[in-house]
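Inspection log for the structure reproduced underneath, given as structure tokens.
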Amino acid sequence: MRDKKDLMNLSNEITYHRYVLSHKKVETLYKDMSMSEYIALKNISGAEDGEKIYLKDIANKLEITVPQASRAVRKLAERGLVLWEHDGNGSEGTYVTVTDSGKELLSEQQNILSDYYGKVVGIFGEERLKELLLLLGELEDAMDTALGVEGGEDSE
């Protein structure tokens, strides 16, 4: 049987680390965009030539609602980073493509993150990081199961 105090300490530690990983320290790495904008732009740019990334696909990938995805894409479009278009009369859905300026900003951001995470890998170790990422994926699946939620797609 689990000790309630130990379980509470463990849950507090997990909550703290999730907070730290997604808090302002990491946001300082993002130039001219937020982390969520980067993730959205990266997912949109990941389409194969000729493949369309629909708003509902973005929402599913980011695990947000379609209205939330719509607001995020609208902000990116207002900044000229993506084009938001629709098939036919729009009833078939709207899709998003990255503009040249979006590709340029994404490339700059990827270089910043590669430099940073290259240093992290050098300090922490590549094999240890791979194992940690695998374990985090398993932890997220367990957390989803505990919430009664089916696990999402693997993250990149």
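Values below: all heavy atoms of this structure, side chains included; hydrogens, waters and symmetry mates excluded. We number each residue from 1, following the sequence as shown. On a predicted model such as this, the values are computed, not experimentally measured, just so you know.
No side-chain donor from either of Ser107 and Glu104 sits under 3.5 Å from a side-chain acceptor of the other.
Ile64 approaches Gln68 most closely through the heavy-atom pair CB-OE1, 3.2 Å. Taking every heavy atom of both residues into account, Ala69 and Ile58 meet most closely at CB-CG2, 4.3 Å. Closest approach of Leu81 to Leu41, counting heavy atoms only: O-CD1, 4.1 Å. In this structure, Leu29 and Ile112 approach most closely via the heavy-atom pair O-CG2, 3.3 Å. In terms of heavy-atom proximity, Gly80 sits nearest to Thr99 at O-OG1, 2.6 Å.
By the criterion of side-chain heavy atoms lying less than 4.5 angstrom apart, applied directly or through intervening Ile, Leu, Val, Met, Phe, Trp or Tyr residues, Val120 is grouped together with Tyr30 in one hydrophobic cluster. Met143 and Met8 fall into different hydrophobic clusters, where Ile, Leu, Val, Met, Phe, Trp and Tyr residues are linked whenever their side-chain heavy atoms come under 4.5 Å apart, directly or through other members. In terms of hydrophobic clustering, with Ile, Leu, Val, Met, Phe, Trp and Tyr side chains grouped at heavy-atom distances under 4.5 Å, Val96 and Leu62 are assigned to a common cluster.
A perpendicular orientation is assigned to the rings of Tyr54 and Tyr95, their planes being inclined by more than 60° (bins at 30° and 60°).
Separation of atoms CD (Glu131) and CG (Leu136) is listed at 10.0 Å; rounding is to 0.5 Å. Atom-to-atom distance recorded for Lys52:NZ and Ile44:CD1 is 15.0 Å, nearest 0.5 angstrom.
You'll find the side chain of Leu135 reaches within 4.5 Å of the side chain of Glu138, heavy atoms only. Inter-residue side-chain proximity for Val82 and Thr97 is flagged as unmet; no heavy-atom pair is nearer than 4.5 Å.
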Apply side-chain contact (heavy atoms from CB on, under 4.5 Å) to Val98 and Leu106, showing your working. CA-CA 9 Å; Val98 179; Leu106 183 60; 5.5 Å; no
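Sorted by first and then second residue, the side-chain hydrogen bond (donor to acceptor under 3.5 Å, both in side chains) pairs with a member in residues 108-121 read Lys31-Glu108; sequence neighbours excluded. Each side-chain hydrogen bond (donor to acceptor under 3.5 Å, both in side chains) pair with one or both residues in residues 76-85, not counting sequence neighbours, appears once here: Glu37-Arg79, Trp84-Thr94.
Leu134 belongs to no hydrophobic cluster, as no Ile, Leu, Val, Met, Phe, Trp or Tyr side chain comes under 4.5 Å of its own.
Looking only at distances, no side-chain donor or acceptor of Asp57 sits under 3.5 Å from a matching main-chain atom of Ile53.
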